[in-house]
Structure formats: structure tokens, C-alpha cells
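Everything on this sheet refers to the single structure shown next.
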Number of protein chains: 2
Amino acid sequence: MFATNNFVDHLMKPTDAELEILHVLWANGPSTVRQVHESLSQSRDIGYTTALKLMQIMHEKGLLSRDAESKSHTYTAAVSEEDTQRGLVDRFVETAFKGSASKLVMQVLGQHKASQQELEEIKQLLNQLNNEHN
Amino acid sequence: MFATNNFVDHLMKPTDAELEILHVLWANGPSTVRQVHESLSQSRDIGYTTALKLMQIMHEKGLLSRDAESKSHTYTAAVSEEDTQRGLVDRFVETAFKGSASKLVMQVLGQHKASQQELEEIKQLLNQLNNEHN
DNA sequence: TTGCATCTACGAAATCATTCGTATATGTTT
DNA sequence: AAACATATACGAATGATTTCGTAGATGCAA
């Protein structure tokens with residue numbers, strides 16, 4: 001067995017609002033506050049300065065990096081989608097399922113429709129894990 | 001297709017501290033504040049009146065019911081573990097994975113060790129889902 | 001019945017997340 | 001250069017969560 005991801009412990013837990021912003025940056029790449037605000041506005045009401053403030057705080061926390069060359073700064077996600085989701089899943093499994101990851105999986109699979117292809121991918125991963133066990 | 005669980009929308013979202021208490025009650029059944037507090041004390045520092053206050057609030061919210069016959073009240077979880085976890089998963093898939101349940105499953109399976117038996121159970125569920133697709 | 005242990009009720013502080021208004025800086029256009 | 005549009009910085013209100021101290025009720029024991 002190899003050492004696993006202890007670094008997850010040090011990852012900041014983004015709040016819900018912060019996650020919204022990270023999703024925009026992960027999807028669109030480096031963006032200005034205005035661009036992020038416009039994207040967020042499509043799904044909910046949010047003031048421009050609210051988005052700005054959030055991104056400033058996220059920059060302080062180290063969740064975003066920024067380039068301040070021009071008048072309007074350009075922000076970039078400083079944490080990867082994978083690492084962040086890994087950390088979130090860790091916490092979630094712990095708080096909601098008392099550490100039982102397989103219970104979570106069962107719950108999710110039973111509750112959400114997945115496409116044929118998605119099911120295949122999951123099966124494939126399962127077989128792979130099965131082999132590692134032997 | 002049948003109507004699915006719209007009632008999930010109306011389920012209160014328990015906070016982290018509230019979830020801790022629900023887990024105790026789900027595991028041990030109806031309990032007094034003292035019993036719950038003793039259980040919680042095993043995993044972390046928490047004052048007696050803190051546990052009491054939390055359970056009073058949860059009672060107000062409808063998360064717990066209580067029997068006030070004797071001097072010390074007996075509390076019972078008023079929401080089921082299944083329903084609660086269903087609601088939590090819904091939110092989590094939405095905020096952390098933008099609705100992609102299969103991405104969540106892949107992330108969890110890749111990240112957490114599951115026993116041979118757990119993997120088998122999951123596979124079985126997958127096959128079942130596969131059949132429903134055809 | 002007086003006192004002691006234990007309970008509930010409740011107020012309130014501390015922290016955090018979210019929100020936005022206002023002030024000020026910056027750069028562009030006339 | 002003056003005016004305008006647009007940017008950042010920042011203070012502060014609000015609401016939710018967690019925490020615990022203190023007061024007062026309750027029941028049992030001496």
C-alpha cells in the first residue's frame with residue numbers, strides 16, 4: 001500500500017458560494033469579476049460587489065490567484081477541481097455517512113439516474129478495484 | 001416512471017452538529033440528553049448544555065420528537081436516516097458536482113478503500129440498474 | 001422539609017458566511 | 001483636463017451555527 005492523500009487535510013473547505021465561483025473558473029478558465037458575475041447571474045440574483053467581495057476573500061484564503069496588471073484583475077482557480085472534490089467528499093462521507101463510503105455509493109446509485117455509458121464506466125472501475133484486491 | 005421524492009425538498013437540512021446527534025439517536029434509539037451527551041463526549045469535547053440546547057433547537061425544527069413525562073426528557077429522531085441522507089446527497093451532488101452523480105461515484109470509489117463484499121454489493125446494484133435500462 | 005443532584009429554559013457571546021452600499025481609484029472619451 | 005464608465009477596497013449589517021453560563025424547576029434523600 002502506498003501513502004495516501006494526507007494533503008487533503010490542509011485543503012481549505014470552500015463554502016457554497018465559493019464553490020459556485022470555483023465551478024465557473026474551472027469551466028471557463030481565468031476570468032474577471034465581471035465575467036464571473038455575469039455567469040453567476042444566469043442562475044441566481046447576485047450583486048456585482050458581492051461577487052467581487054467573495055473573490056477577494058477567496059484570494060486572501062489562497063483559493064484564487066490573480067493578475068492585477070490591467071484595471072480589471074484576472075482571477076484563476078488556485079485549487080484543482082479534483083483535489084477540491086476529494087476534500088469535499090472526505091468530509092461528506094465522514095459527516096453524513098460516518099465514514100462508510102460504500103453506503104454513500106449505494107445511496108447515490110439508487111437515487112440518481114445514470115446513463116448506460118456512465119454505468120459502464122463505473123463497472124469498469126469496479127472491476128479494476130476488484131483486481132487490485134486479489 | 002413513477003413520481004419520485006419531491007418531499008426531499010421539504011426536509012430540513014441538518015447542520016453538522018445536528019447530524020452528530022441524529023447519528024447517535026439512529027444508532028442507539030430514543031435517548032436522554034445525558035445519554036446523547038455521553039456518547040458525543042467520546043469523540044469530542046462538548047458541554048452538557050450545548051448538547052441540550054442543540055436538541056431543543058432540533059425539537060423546535062421538527063428534527064426530533066420528545067417525551068417529557070419524567071424529569072429528564074426522552075428524545076427520538078423524527079426523520080429517518082435514509083430520508084435525511086437522501087436529502088444531503090441531493091444537495092451535495094448539486095453543489096460539489098454540479099449535478100453529476102456518476103462523477104461523485106467515480107470520485108468516491110477511486111478514493112476510498114472498500115471491502116470485497118462491499119464491492120460485490122455495489123456491482124449487484126449496478127447490474128440491477130442495467131437491467132432496468134433495457 | 002430542607003438540601004442536593006440533576007434537569008430544562010433561556011440569554012447571549014463568538015464565529016462565520018453572505019450580502020451590498022459607499023468611497024475611492026483608474027482609465028477612456030470628448 | 002474634465003467627465004464618465006467601470007474597477008477595486010472596505011466597512012458593516014444580517015442571519016445562521018455553535019457554544020456555554022446562569023437561573024430556576026424538579027425530584028429524591030437525609
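Bear in mind that the values here come from a model prediction, so they are computed numbers and not experimental data. Chain letters run A, B, ... following the sequence lines, proteins first and then strands; every chain starts at 1.
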Nucleic acid footprint by protein, nucleotides 22-30 of chain D - heavy-atom cut-off 4.0 Å, B for base, S for sugar-phosphate alone
B---BS---
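One atom, CD of B:Glu18, and another, C1' of D:dT17, lie 9 Å apart when rounded to the nearest Å. The separation between B:Glu60 atom CD and D:dT17 atom C1' is 14 Å, rounded to whole Å. Whole-Å rounding puts the A:Tyr48 OH to D:dA5 P distance at 16 Å. Following rounding to the nearest Å, B:Arg44 (CZ) and D:dC20 (C1') show an atom-to-atom distance of 13 Å. To the nearest angstrom, P of D:dT8 lies 9 Å from CZ of A:Arg34.
If you take CZ on B:Phe92 and CD on B:Gln85, they are separated by 13.5 Å, rounding to the nearest 0.5 Å. Between the CD1 atom in B:Ile122 and the NZ atom in A:Lys103 there is a gap of 13.0 Å [rounded to 0.5 Å].
Once you apply a 4.0 Å limit to the heavy atoms of chain B, the touched nucleotides of DNA chain C run 5' to 3' over C:dA5 to C:dA12.
For B:Lys123, the side chain to side chain donor-acceptor pair (under 3.5 Å) criterion is met by A:Asn127, not counting sequence neighbours. By the side-chain contact (heavy atoms from CB on, under 4.5 Å) test, A:Glu18 is found to be paired with A:Pro14, A:Thr15, A:Ile57, A:Met58, A:Lys61, A:Leu63, residues two or more places apart in sequence or in another chain being considered. With sequence neighbours excluded, no residue forms a side chain to side chain donor-acceptor pair (under 3.5 Å) with B:Asn28. By the side chain to side chain donor-acceptor pair (under 3.5 Å) test, B:Lys13 pairs with no residue at all, sequence neighbours left out. A:His23 pairs by the ring pair (Phe, Tyr, Trp, His ring centres under 6.0 Å) definition with A:Trp26, not counting sequence neighbours. Listed by chain and number, the residues in a side chain to side chain donor-acceptor pair (under 3.5 Å) with A:Thr95 amount to none (sequence neighbours excluded). Legend: residues meeting ring pair (Phe, Tyr, Trp, His ring centres under 6.0 Å) with A:His37, ordered by chain and number and at least two apart, are A:Tyr48. For A:Glu121, the salt bridge (Lys or Arg N to Asp or Glu O under 4.0 Å) test picks out no residue, with sequence neighbours left out.
Among the protein residues, A:Ser72 comes within range of the sugar-phosphate backbone only, with heavy atoms under 4.0 Å from sugar or phosphate atoms but none that close to a base.
Within the 3.5 Å criterion, the main-chain N or O of B:Gln35 finds a donor-acceptor partner in the side chain of B:Thr32.
Regarding contacts with the backbone of D:dA16, every side-chain N or O of B:Thr15 stays at 4.0 angstrom or more from both OP1 and OP2. OP1 or OP2 of D:dA16 has not a single side-chain nitrogen or oxygen of B:Lys61 nearer than 4.0 Å. Dashed line: the shortest gap from a side-chain N or O of A:Arg66 to OP1 or OP2 of D:dA9 is under 4.0 Å.
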Apply the test side chain to side chain contact (heavy atoms under 4.5 Å, CB included) to residues A:Val105 and B:Leu104: give CA-CA distance (whole Å), side-chain angles for both, the deciding distance (0.1 Å), then the verdict.
CA-CA 8 Å; A:Val105 171; B:Leu104 166 57; over 6 Å; no
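Residues of residues 51-58 of chain B having a heavy atom closer than 4.0 Å to DNA chain C, listed by number: B:Leu52, B:Lys53, B:Gln56.
Counting only heavy atoms from C-beta outward, the side chains of A:Phe97 and B:Val89 approach each other to under 4.5 Å.
In B:Glu120, the CD atom is crowded: over 12 heavy atoms of neighbouring residues, nucleotides or ligands sit closer than 6.0 Å.
For the helix from C:dT1-D:dA30 to C:dT30-D:dA1, the terminal axes (five pairs an end, C1' atoms, rotation from four pairs onto the next four) enclose an angle of 20°, given to 10 degrees.
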